[in-house]
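The structure under discussion appears below in the form of structure tokens.
None of these values were measured; they are calculated from a predicted model.
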Amino acid sequence: MFELPGVPLSELKESFSRITVYPGQRNVAEVCFRDGRCARMVLGEEISDSSLREITYNFDSDAILIVTGRGEVLDIDPRVNLGSPGVCPVVYLDQGHWSTLSKRMYGTTGLRESDIAAADALIELAKSRRIILPMSAGHALETSALFNAKRQDLACTIFQLSRGWQMRNPVRVRKYEMAKVLSGSAGRRTDVTESEVFSTAPGVMDLKRPVGPPGDGQPTIADLHFVMTILSGMYDVLLSPVRVESVKAVGWCEYYNNIIGDQAFLSRRREQRRTDALAISLVDVGAEALEVANSLGVSDPEYVTTALYENLQGMPFLSLYADVVDFRLSNRSRWVPNDLVDMLFLGCASAYADVVIAEKAATNYLTRSWRDRGGSSPVVATLPEGVEALQRVL
């Protein structure tokens with residue numbers, strides 16, 4: 001399969017039925033023909049500690065199936081690059097609600113009856129492909145902090161119900177929003193694939209776009225190898241029972257905590273504080289803005305700042321991010337390290353998903369920050385509220 005990287009998959013469908021890789025069995029790949037014959041080849045050294053048993057690509061369905069070391073079967077939805085959303089409603093879950101779904105799927109007792117009914121409803125809707133429950137890098141970060149069966153149960157739940165759907169990394173989302181604003185003056189086009197906030201494309205939730213084979217609209221063996229490598233790596237890591245220590249972004253929250261104690265800031269009128277808060281939020285993403293500007297050939301920092309500020313309301317995620325900064329600074333809310341995760345992932349999801357089921361504190365400030373926008377906030381705090389909100393968009 002690696003000797004013919006440029007061969008389109010469509011040309012191989014008449015001859016082949018599937019390709020399967022067995023990571024734990026001497027890292028063997030098996031290619032099966034339509035007549036039932038199969039050929040095997042050794043890819044390299046055996047991966048003795050792999051959390052995966054099999055990775056299969058089916059030529060008929062274009063689906064990828066992954067079998068875990070515990071025997072769970074995880075499928076990847078073959079529908080890729082479908083936008084945000086458009087196929088069916090997107091429901092983004094805070095990690096705590098993913099934990100509730102995991103406890104329900106793996107028989108943990110002690111759940112409230114209302115949460116059980118709501119969890120069952122979401123699980124059934126996801127399995128029947130009536131909703132999309134995307135995972136994100138935030139989920140991956142918080143899952144990797146767990147260990148043993150609890151981590152494996154949670155990872156399996158997320159993989160089973162997300163079916164490969166991911167939310168694009170929020171930093172990449174706001175970079176795209178800035179690029180749309182700045183590209184006009186540069187006479188440059190933006191990469192439209194970056195506009196797809198929810199997708200099953202490989203590496204969507206990575207901070208940096210992974211380097212893969214150049215695509216020309218015709219998927220090849222090289223593309224398949226790239227997809228299977230990205231997916232198997234992500235699944236293998238999160239299904240491992242070994243805990244990974246996370247790093248807290250302490251400096252980020254202290255920056256804002258210093259502002260809420262600044263008497264010069266607090267002494268200003270409300271209108272001026274809001275202007276300052278919006279400017280502060282743009283300073284917070286200043287390095288990203290300059291990176292985007294440089295990629296577009298825009299070299300005037302003053303123009304970049306002015307253009308982004310004047311077009312802030314046209315950038316769904318970045319404007320909500322700025323509104324949250326304004327609301328929390330005006331209320332003198334103290335910031336903690338995990339607020340960065342919530343601001344990025346729940347904020348991005350709130351700007352683009354149909355329903356966001358968050359934790360209570362984030363629901364409060366996201367909903368309050370939404371009040372000057374058209375329509376109602378998509379953010380609720382409990383699973384039953386989420387199911388109720390979902391019924392209005394199904």
Side-chain angles (χ1 to χ4, degrees), residues 170-171 173-182 184-185 248-294 298-352 356 358-379 381:
V171 173
V173 172
R174 66 190 184 193
K175 280 184 176 180
Y176 176 76
E177 291 181 346
M178 290 187 283
K180 281 184 65 180
V181 169
L182 299 174
S185 63
K248 300 294 185 180
V250 177
W252 178 86
C253 62
E254 286 308 313
Y255 167 71
Y256 284 107
N257 286 334
N258 289 335
I259 294 174
I260 63 175
D262 186 330
Q263 292 304 314
F265 174 78
L266 297 174
S267 65
R268 300 185 185 187
R269 293 190 315 236
R270 175 69 187 100
E271 295 81 3
Q272 184 59 51
R273 290 204 309 273
R274 173 166 173 78
T275 300
D276 290 346
L278 299 185
I280 288 168
S281 67
L282 289 179
V283 170
D284 194 15
V285 299
E288 296 168 21
L290 292 178
E291 180 185 337
V292 170
N294 288 334
V298 179
S299 57
D300 184 353
E302 184 176 348
Y303 167 77
V304 171
T305 303
T306 302
L308 294 180
Y309 185 85
E310 292 179 347
N311 293 278
L312 188 58
Q313 297 310 312
M315 296 179 279
F317 170 39
L318 189 53
S319 62
L320 181 59
Y321 183 90
D323 287 340
V324 170
V325 169
D326 172 43
F327 172 72
R328 296 199 61 178
L329 289 180
S330 67
N331 277 17
R332 301 186 66 181
S333 301
R334 185 156 186 84
W335 304 67
V336 297
N338 198 58
D339 284 335
L340 177 57
V341 175
D342 289 343
M343 287 273 287
L344 287 175
F345 295 97
L346 291 174
C348 183
S350 300
Y352 288 99
V356 176
E359 45 87 26
K360 291 183 180 178
T363 298
N364 177 52
Y365 66 69
L366 284 167
T367 300
R368 294 290 298 275
S369 301
W370 194 276
R371 58 189 173 187
D372 293 331
R373 296 162 178 264
S376 58
S377 167
V379 189

*asked:* Are Val285 and Val171 packed together at the side-chain level, in the sense that at least one heavy-atom pair is separated by less than 4.5 angstrom?
replied: no
*Distance under 6.0 Å and angle within 45° of ring axis: Arg328 vs Tyr256*: no
*Ignoring hydrogens and geometry, is there a side-chain-to-backbone donor-acceptor pair from Asn294 to Glu291 under 3.5 Å?*
no
*Nearest heavy-atom pair of Ser350 and Pro378: which atoms, and what distance?*
O-CG, 3.4 Å
*Is there a side-chain contact between Leu320 and Met343 (heavy atoms, below 4.5 Å)?*
no
*Heavy-atom distance under 4.5 Å between the side chains of Glu177 and Pro316, does that happen here?*
yes
*How many angstroms lie between CZ in Arg273 and OG in Ser330, if you round to the nearest 0.5 Å?*
6.5 Å
_Verdict with reasoning, Arg268 to Thr275, per side-chain hydrogen bond (donor to acceptor under 3.5 Å, both in side chains)_ = CA-CA 11 Å; Arg268 300 185 185 187; Thr275 300; over 6 Å; no
*Okay, side chain of Glu288, backbone of Arg174: is any donor-acceptor separation there less than 3.5 Å?*
no
*asked:* Salt bridge check, Asp326 against Arg368: does any charged N sit closer than 4.0 Å to a carboxylate O?
replied: no
*Does Asp276 pair with Arg269 as a salt bridge, N-O distance under 4.0 Å?*
no
*Looking at side-chain heavy atoms only, is the closest gap between Phe317 and Leu344 below 4.5 Å?*
yes
*At what distance, to the nearest 0.5 angstrom, does CG of Leu318 lie from CD of Gln313?*
9.5 Å
*Dump the intermediate steps for side-chain contact (heavy atoms from CB on, under 4.5 Å) on Leu308 and Leu182, then the final yes or no.*
CA-CA 8 Å; Leu308 294 180; Leu182 299 174; 4.3 Å; yes
*Side-chain touch Asp342/Tyr365, heavy atoms, less than 4.5 angstrom*: yes
*Closest approach of Ser333 to Ile260 (non-hydrogen atoms, all atoms of both residues)*: O-CD1, 3.6 Å
*How close do Leu329 and Ala277 get, heavy atom to heavy atom, and via which atoms?*
CD1-CB, 4.2 Å
*What heavy-atom pair brings Ser319 and Arg373 nearest, and what distance separates the two atoms?*
OG-NH2, 2.9 Å
_Tell me whether Thr367 contacts the main-chain N or O of Asn364 through its side chain, where contact means a donor paired with an acceptor under 3.5 Å._
no
*Rounded distance (nearest 0.5 Å) linking atom CG of Leu278 with atom OH of Tyr321*: 12.5 Å
*Identified side-chain contact (heavy atoms from CB on, under 4.5 Å) partner of Val181 from the options Val292, Val304, Asn311*: Asn311
*Please name the pair of heavy atoms, one in Tyr309 and one in Ala279, separated by the smallest distance, quoted to 0.1 Å.*
CE1-N, 4.4 Å
_Minimal non-hydrogen separation, Gly347 against Leu366, with atom names_ = CA-CD2, 4.2 Å
_Donor-acceptor contact below 3.5 Å, side chain Asp262 vs main chain Ala264_ = yes
*Are Asp284 and Tyr255 close enough that a side-chain donor and a side-chain acceptor fall under 3.5 Å?*
no
*Look only at the side chain of Thr306 and the backbone of Tyr303, and say whether a donor-acceptor pair between them is shorter than 3.5 Å.*
no
